[in-house]
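Being a predicted model, the structure only gives us computed values, none of them experimental.
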Amino acid sequence: MSKFKHAGMVASLTAAVLAGTAVAAPAVLRASHQFPGGKGDVRDEMVQIIARDAKAAGVDLEVQVYPGASLFKPNEQWNALVNGQLDISSFPLDYASGKERAFGAT
């Protein structure tokens, strides 16, 4: 095998290994809510349970929790979900009733 072919094979193998490590990066989901974090609020605890269970499952998934409206204001969360800026949220559906009439029944 010529040195040129050998160098090409080594370069291809290196590229494949690097691509494989890039794919192995964990997916990160952002969770936002308006409730106080770390103060025993059951609504915050519900979102924290999701984050802890994802971590304990040993899968490539990380859930970052932003409590206390630190990432999005309460009335902005629906639009953030729809626009793909936010992955998980906990808020009263009536906050989005202006966007989805059916939510007004809640």
Side-chain angles (χ1 to χ4, degrees):
M1 180 180 307
S2 72
K3 289 182 182 182
F4 181 73
K5 283 185 180 180
H6 181 62
M9 290 174 60
V10 169
S12 296
L13 181 59
T14 302
V17 168
L18 291 176
T21 57
V23 172
V28 177
L29 300 180
R30 297 186 319 162
S32 174
H33 63 77
Q34 70 209 41
F35 312 108
K39 304 222 188 288
D41 188 285
V42 296
R43 298 160 297 188
D44 171 59
E45 186 60 25
M46 174 186 65
V47 179
Q48 296 293 343
I49 287 170
I50 294 168
R52 283 194 304 265
D53 285 354
K55 185 175 184 177
V59 296
D60 288 335
L61 177 64
E62 178 185 351
V63 179
Q64 297 174 342
V65 180
Y66 297 89
S70 60
L71 187 61
F72 292 101
K73 301 295 181 209
N75 290 329
E76 297 173 0
Q77 292 181 83
W78 176 256
N79 287 338
L81 283 167
V82 171
N83 294 330
Q85 298 169 309
L86 182 61
D87 303 301
I88 302 170
S89 184
S90 173
F91 63 93
L93 284 179
D94 193 45
Y95 288 5
S97 62
K99 307 287 183 187
E100 294 289 332
R101 286 187 58 197
F103 293 162
T106 63

(request) Could you state whether Y66 and V82 fall into the same hydrophobic cluster, counting links through intermediate Ile, Leu, Val, Met, Phe, Trp or Tyr residues with side-chain heavy atoms under 4.5 angstrom apart? (result) yes
(request) Please answer: with hydrophobic residues joined when any side-chain heavy atoms are less than 4.5 Å apart, are V63 and V42 in the same cluster? (result) no
(message) How close do P67 and F35 get, counting heavy atoms only, and between which atoms?
(response) CB-O, 3.7 Å
(request) Kindly compute the distance separating OG (S89) from CD (Q77), expressed to the nearest 0.5 Å. (result) 3.5 Å
(request) Would you give the length of the straight line joining atom CD of E100 to atom OG1 of T106, rounded to the nearest 0.5 angstrom? (result) 12.0 Å
(request) Find out if a path of hydrophobic residues (ILVMFWY) with successive side-chain heavy-atom gaps under 4.5 Å connects I88 to I49. (result) no
(request) Measure across A51 and V65 and return the closest heavy-atom pair with its distance rounded to 0.1 Å. (result) CB-CG2, 3.9 Å
(request) Determine, using the 4.5 Å side-chain heavy-atom cutoff (strictly less than), whether V28 and L71 are members of one ILVMFWY cluster. (result) no
(message) Measuring from atom CD1 of I50 to atom CD of E45, what distance do you get when rounded to the nearest 0.5 angstrom?
(response) 10.5 Å
(request) For S97 and F103, indicate whether the former's side chain and the latter's backbone hold a donor-acceptor pair under 3.5 Å. (result) no
(message) So P92 and Q34, do their side chains get closer than 4.5 Å, heavy atoms only?
(response) yes
(request) Check D94 against G104 and note the closest heavy-atom contact, atom names and distance. (result) OD1-CA, 3.7 Å
(request) Please round to the nearest 0.5 Å and tell me the distance separating atom CZ of R30 and atom CD of Q85. (result) 7.5 Å
(request) Measure the NE2-OG distance between H33 and S70 for me, rounded to the nearest 0.5 Å. (result) 8.0 Å
(message) Would you compute the distance between atom NZ of K39 and atom CG of D44 and round it to the nearest 0.5 angstrom?
(response) 10.0 Å
(request) Quick one: list whatever passes ring-ring contact (aromatic ring centres under 6.0 Å, His included) with F91, sequence neighbours left out. (result) none
(request) Might you point out which heavy atoms bring S32 and L86 nearest each other, and give the distance in Å? (result) CB-CD1, 3.5 Å
